[in-house]
Amino acid sequence: VLAYLSLEGAPWAMRKIHALKEVAQQEAEVGSIAAGRFRSTGFGVVFYAQSATADGRLKDVFLEHRRGDTVEVVVAEYAEQLTDPDRNLRLMVLYDGVRFEGVPGEPRFRTTEFREHGIPIQLDEGSSPFDDIEAQPTSMLLESNTKEARAELQWRLSAPISALVLVLLALPLARTTPRRGRYGKLAIAILIYILYSNLLGAARVWMEQERIPAFLGMWWVHALVLIVALIWLRRQGRVVGRA
């Protein structure tokens with residue numbers, strides 16, 4: 001179960017988190033606009049509405065849309081927002097207004113009266129969830145030969161491997177004498193776990209920095225703790241045999 005969660009579950013969760021963040025960011029950019037204050041969407045659009053109706057329409061609207069050197073200024077009685085997810089567009093629809101279009105500093109500009117006028121706003125495509133190494137499927141990591149992919153793959157494999165090693169290490173730690181009590185080695189167990197985790201984290205960074213070869217990677221950390229567990233078990237076996 002731990003291997004499945006580490007190899008498949010955690011990357012899937014990271015991709016879902018990324019998707020939710022992208023949706024939240026887009027909604028924040030061109031989401032609901034509060035009446036009585038100017039709002040810039042980040043896509044060259046400045047919007048202002050004096051008031052809002054109960055059904056969500058905005059009244060007495062001012063909008064400025066920049067497209068290169070051209071500036072489009074629109075004044076309308078009311079407006080509403082529509083979303084086209086197929087084309088990744090947010091459409092600002094204005095009703096009963098006037099549009100002024102021209103280049104600042106030049107005397108010529110165009111004035112147009114309209115009953116309905118839609119201004120498409122291209123939403124940010126955002127980054128791909130696969131750009132984050134932690135969100136990439138394990139199959140993609142296996143096909144990649146980059147140092148980051150190798151480090152991430154070994155990091156995911158470290159979860160189930162370390163669980164098995166720690167279970168083996170728990171056997172000598174669980175054996176105590178009556179004088180020490182049941183929790184006599186608890187502090188030692190916590191210290192070993194902290195050292196184990198920190199060494200794995202350090203080995204991952206060293207792999208990404210290419211300070212250690214990929215074949216050595218994080219395996220030496222598991223091997224070190226495994227050797228300590230086996231030596232400890234052997235020593236306890238001798239003590240029990242002599243007793």
Trace of the side chain to side chain contact (heavy atoms under 4.5 Å, CB included) decision for Leu164 with Leu226: CA-CA 9 Å; Leu164 294 175; Leu226 179 61; over 6 Å; no
Does Ser197 have any side-chain hydrogen bond (donor to acceptor under 3.5 Å, both in side chains) partners at least two apart in sequence or in another chain, and if so, which? none
Membership question, hydrophobic clusters at under 4.5 Å side-chain separation (ILVMFWY): are Leu200 and Val228 in the same one? no
Are Ile231 and Val221 linked, directly or through intermediate hydrophobic residues, by side-chain heavy-atom contacts shorter than 4.5 Å (ILVMFWY only)? no
Closest heavy-atom pair and its distance - Ala203, Gly217: CB-O, 3.9 Å
Side-chain (Gln50) to main-chain (Asp60) donor-acceptor, under 3.5 angstrom: no
Could you measure the distance from the CG atom of Asp132 to the CD atom of Glu148? Nearest 0.5 Å is fine. 12.0 Å
Has Arg156 got a side-chain atom pairing as donor or acceptor with Glu134's backbone, closer than 3.5 angstrom? yes
Would you be so kind as to tabulate the donor-acceptor pairs closer than 3.5 Å made by side chains of residues 109-117, with sequence neighbours excluded?
residue, atom, partner, partner atom, Å
Arg110, NH2, Glu101, OE1, 2.8
Arg115, NE, Asp96, OD1, 3.0
His117, NE2, Glu72, OE2, 3.0

Could you state whether Ile212 and Met218 fall into the same hydrophobic cluster, counting links through intermediate Ile, Leu, Val, Met, Phe, Trp or Tyr residues with side-chain heavy atoms under 4.5 angstrom apart? yes
With heavy-atom distances below 4.5 Å as the criterion, would you say the side chains of Leu153 and Leu142 are in contact? yes
Please report the C-alpha distance between Trp219 and Gln154 in whole Å, then the side-chain angles of each, then the deciding distance to 0.1 Å, and finally whether the side chain to side chain contact (heavy atoms under 4.5 Å, CB included) criterion is met. CA-CA 8 Å; Trp219 309 125; Gln154 291 195 26; 3.7 Å; yes
Give the C-alpha distance, both sets of side-chain angles, the deciding distance and a yes or no for side chain to side chain contact (heavy atoms under 4.5 Å, CB included) between Glu80 and Tyr95. CA-CA 9 Å; Glu80 60 183 354; Tyr95 302 92; 2.6 Å; yes
Would you say Leu168 and Leu230 make side-chain contact, with heavy atoms under 4.5 Å? yes
Residue set satisfying salt bridge (charged side-chain N to carboxylate O under 4.0 Å, His left out) with Arg150, at least two apart, ordered chain then number -> none
The complete set of salt bridge (Lys or Arg N to Asp or Glu O under 4.0 Å) pairs with one or both residues in residues 186-215, sequence neighbours excluded, reads Glu152-Arg204, Arg204-Glu208
Same cluster for Leu2 and Trp12 if Ile/Leu/Val/Met/Phe/Trp/Tyr side chains link at under 4.5 Å? no
Trp220 atom CH2, neighbour heavy-atom count above 12 within 6.0 Å: yes
Mark yes or no for whether Ser162, through its side chain, and Ser158, through its backbone, hold a donor-acceptor pair below 3.5 Å. yes
Identify every side-chain donor-acceptor pair in residues 188-196 under 3.5 Å, counting partners at least two apart or on other chains, and give the distances.
residue, atom, partner, partner atom, Å
Tyr196, OH, His222, ND1, 2.6

Taking salt bridge (charged side-chain N to carboxylate O under 4.0 Å, His left out) as the test, write out the residues that go with Glu8, two or more places apart. none
So, taking the atom named CG in Leu7 and the one named CG in Leu157, what distance separates them when rounded to the nearest 0.5 Å? 5.5 Å
Path from Ile161 to Phe215 over hydrophobic side-chain contacts below 4.5 Å: yes
Just how far is it from atom CG of Leu94 to atom OH of Tyr78, taken to the nearest 0.5 Å? 10.5 Å
Would you compute the distance between atom CZ of Arg15 and atom CD1 of Ile17 and round it to the nearest 0.5 angstrom? 11.5 Å
